[in-house]
Structures are given as structure tokens and as C-alpha cells.
Amino acid sequence: MISLSRLALAAVAILFGLYHALLGFLILGEYQDSSFAIVGLVAYVVALLVASLDKRGLEMRPATAAFVLLVAVLLPQLIFLALGEVRQESYTTWHIAAIGTLLAIITIRKYEIFGWIGFAITSIEVVIWGGLDVVFNSGLVGALLLVATAQAASLALSSSTKSAEEFRMRALAIDTATAASSAARNERTRRLNETLNEVLPMLESISDSKGKLTKDERFKA
């Protein structure tokens with residue numbers, strides 16, 4: 001089974017996620033109120049780092065998943081307040097792809113329900129903000145693809161983990177059976193050797209005396 005470094009995977013996720021934050025930072029001057037955008041950027045970066053680096057293993061903590069989901073739900077409201085009006089030019093909707101990244105991370109880290117709940121809420125927020133016209137050019141489709149891909153990857157990893165565990169259990173059962181068989185064989189050999197060590201001298205004595213044994217020798221035999 002191929003083993004990948006958890007830190008290497010986390011680094012890839014962080015670098016990919018920081019790209020969206022960089023886009024948001026570069027257009028701060030285009031917001032009517034950049035203070036909301038700055039709060040959104042900071043919250044997003046914190047959620048990205050927490051989601052990517054949270055504990056060893058694939059599954060993250062429930063509290064971490066809940067925190068990331070909360071940030072994903074609140075981020076659109078902060079950016080919409082910063083924009084002040086419906087705008088789709090430039091990279092003003094960078095936060096949609098950023099949310100897709102957060103939701104993809106918690107989805108692949110075993111909180112698929114949170115991922116899809118977050119996407120559903122984000123979709124409603126976007127439609128309320130800009131109407132159906134912004135659905136296809138706000139990055140919402142890209143966010144959907146990110147979450148769906150993460151879902152597929154999560155299922156594949158779960159299947160791979162289950163197969164690896166089954167293989168380990170079968171190997172353990174075989175090793176146990178082999179060890180038991182070897183122990184039984186060694187015990188039989190030991191007992192046979194002990195018996196032979198006692199019987200052979202007696203057989204030699206019987207042969208030498210041509211069967212003429214004393215009372216004690218007959219009793220022992």
C-alpha cells in the first residue's frame with residue numbers, strides 16, 4: 001500500500017487554499033468596506049490551517065469540523081458586506097472557491113455531511129445575494145466539483161483502509177495458526193524424545209537379558 005506523508009498532503013492543501021486568500025488580498029482596494037473583507041480573509045486562513053493540520057490521521061475532530069463549517073457559512077456574508085453590491089468582475093467572488101476548498105477538506109477528512117451542508121447553505125446565500133444569474137459565474141460550480149471530488153476520494157480511502165485492515169486480520173490469523181501448529185509440533189517432538197530416551201534403554205535391557213527380567217524390571221516395563 002502506498003504511504004503518503006500527512007504533512008506533505010497538508011502542505012498541498014494549504015498552498016492551494018492560500019491561492020484564494022492571495023486573490024482576496026490583491027483586490028482589497030475594490031471593496032466598499034475592506035474591513036469586512038480583512039476579517040473574512042483572516043477567518044478563512046485560520047480555518048484553512050486548522051482544517052489541514054488538525055491531529056494525526058485522516059479523520060479530524062468534530063469541534064474542528066464544526067468550526068470550519070461555521071467559517072464557511074459566515075464568509076459569504078462578510079464578503080457581501082464588504083462589496084456592498086452585486087459584483088462579479090475581477091476576483092471579488094474569490095471566497096466561493098475558498099469555501100469550496102474548506103468544504104472539500106472537511107469532506108475528505110470524514111465529515112461528508114458537514115461538507116454538503118456547507119455547500120447547500122453557501123448556494124442559498126449566493127442565490128439570495130445575486131439571484132440565479134450568478135450561479136454559473138460566481139465559482140459555485142467549481143465549489144461543487146471540489147466537494148464532489150473530495151467525496152469520491154473519501155470513499156476510495158475508506159475502501160482502501162477497509163481492505164488493508166481485512167488483509168492485516170487475515171495475515172494475523174495465518175500467523176497465529178502457524179505459530180500454534182509449530183508449538184504443537186515442537187511439543188509432540190519433545191514428548192516423543194522423552195519417551196524414546198526412557199524406552200530405548202529398557203528395550204536394550206530386555207534384549208540383552210532375552211526377556212528374563214526381574215520383578216522390579218517387569219514392574220517398570
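Throughout, residue positions are numbered sequentially from 1 according to the sequence presented.
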**Request:** Determine whether more than 12 heavy atoms belonging to other residues, nucleotides or ligands lie under 6.0 Å from atom CG of Leu70.
**Result:** yes
**Asked** Sub-3.5 Å donor-acceptor pair from the side chain of Arg109 to the main-chain atoms of Ala51, do we have one?
**Response** yes
**Message:** Testing the basics here: between Ala72 and Ile99, what is the closest heavy-atom pair and its distance to 0.1 Å?
**Reply:** O-CD1, 3.5 Å
**Request:** Measure across Ala37 and Ala82 and return the closest heavy-atom pair with its distance rounded to 0.1 Å.
**Result:** N-CB, 3.7 Å
**Message:** Grouping I, L, V, M, F, W and Y whenever their side-chain heavy atoms are under 4.5 Å apart, do Ile113 and Ile124 come out in a common cluster?
**Reply:** no
**Prompt:** For the hydrophobic clusters of this structure (ILVMFWY residues joined by side-chain heavy atoms under 4.5 Å, transitively), does one cluster hold both Met60 and Val73?
**Reply:** yes
**Message:** According to ring-ring contact (aromatic ring centres under 6.0 Å, His included), who are the partners of Phe16, at least two apart in sequence or on a separate chain?
**Reply:** His20
**Request:** Would you give the length of the straight line joining atom CD1 of Ile128 to atom OG of Ser123, rounded to the nearest 0.5 angstrom?
**Result:** 11.0 Å
**Message:** Quick check on the hydrophobic clustering: are Leu146 and Leu18 connected, directly or via other members, by side-chain heavy-atom contacts under 4.5 Å?
**Reply:** no
**Request:** Check whether any side-chain N or O of Tyr44 sits under 3.5 Å from a backbone N or O of Gly17 as a donor-acceptor pair, and report yes or no.
**Result:** yes
**Request:** Output the distance between atom CD1 (Ile79) and atom CD1 (Ile96), rounded to the nearest 0.5 Å.
**Result:** 9.0 Å
**Val147: partners by side-chain contact (heavy atoms from CB on, under 4.5 Å), with sequence neighbours left out** = Leu103, Thr107, Trp116
**Prompt:** Is there a chain of hydrophobic side chains (I, L, V, M, F, W, Y, each step under 4.5 Å between heavy atoms) that links Leu102 to Trp94?
**Reply:** yes
**Request:** Tell me, please, which residues at least two apart from Val12 pass side-chain contact (heavy atoms from CB on, under 4.5 Å).
**Result:** none
**Request:** Check whether any side-chain heavy atom of Ile105 sits under 4.5 Å from a side-chain heavy atom of Leu48, and report yes or no.
**Result:** yes
**Message:** Would you compute the distance between atom CG of Leu41 and atom CG of Leu75 and round it to the nearest 0.5 angstrom?
**Reply:** 8.0 Å
**Message:** Which residues pass the ring-ring contact (aromatic ring centres under 6.0 Å, His included) test with Phe119, not counting sequence neighbours?
**Reply:** none
**Asked** Atom CD1 of Ile106 and atom OG1 of Thr101: how far apart are they, to the nearest 0.5 Å?
**Response** 11.5 Å
**Prompt:** Taking all non-hydrogen atoms of both residues, which atom of Ala143 and which atom of Gly100 are closest, and how far apart?
**Reply:** CB-CA, 3.8 Å
**Request:** Mind telling me whether His95 and Phe80 have parallel, tilted or perpendicular rings, with 30° and 60° as the class edges?
**Result:** perpendicular
**Prompt:** Would Val46 end up clustered with Phe114 when hydrophobic side chains under 4.5 Å apart are linked, directly or stepwise?
**Reply:** yes
**Message:** Just to verify, what does Tyr19 make a side-chain contact (heavy atoms from CB on, under 4.5 Å) with, not counting sequence neighbours?
**Reply:** Leu23
**Request:** Please check if atom CG in Leu15 has more than 12 non-hydrogen atoms from other residues, nucleotides or ligands closer than 6.0 Å.
**Result:** yes
**Non-hydrogen atoms of Ser52 and Ala10 that approach each other most closely** = O-CB, 3.5 Å
**Asked** Rounded to the nearest 0.5 Å, what separation is found between the CH2 atom of Trp129 and the OG1 atom of Thr122?
**Response** 13.0 Å
**Asked** Linking Ile, Leu, Val, Met, Phe, Trp and Tyr through side-chain heavy atoms less than 4.5 Å apart, which residues share a cluster with Leu81?
**Response** Phe36, Val39, Leu78
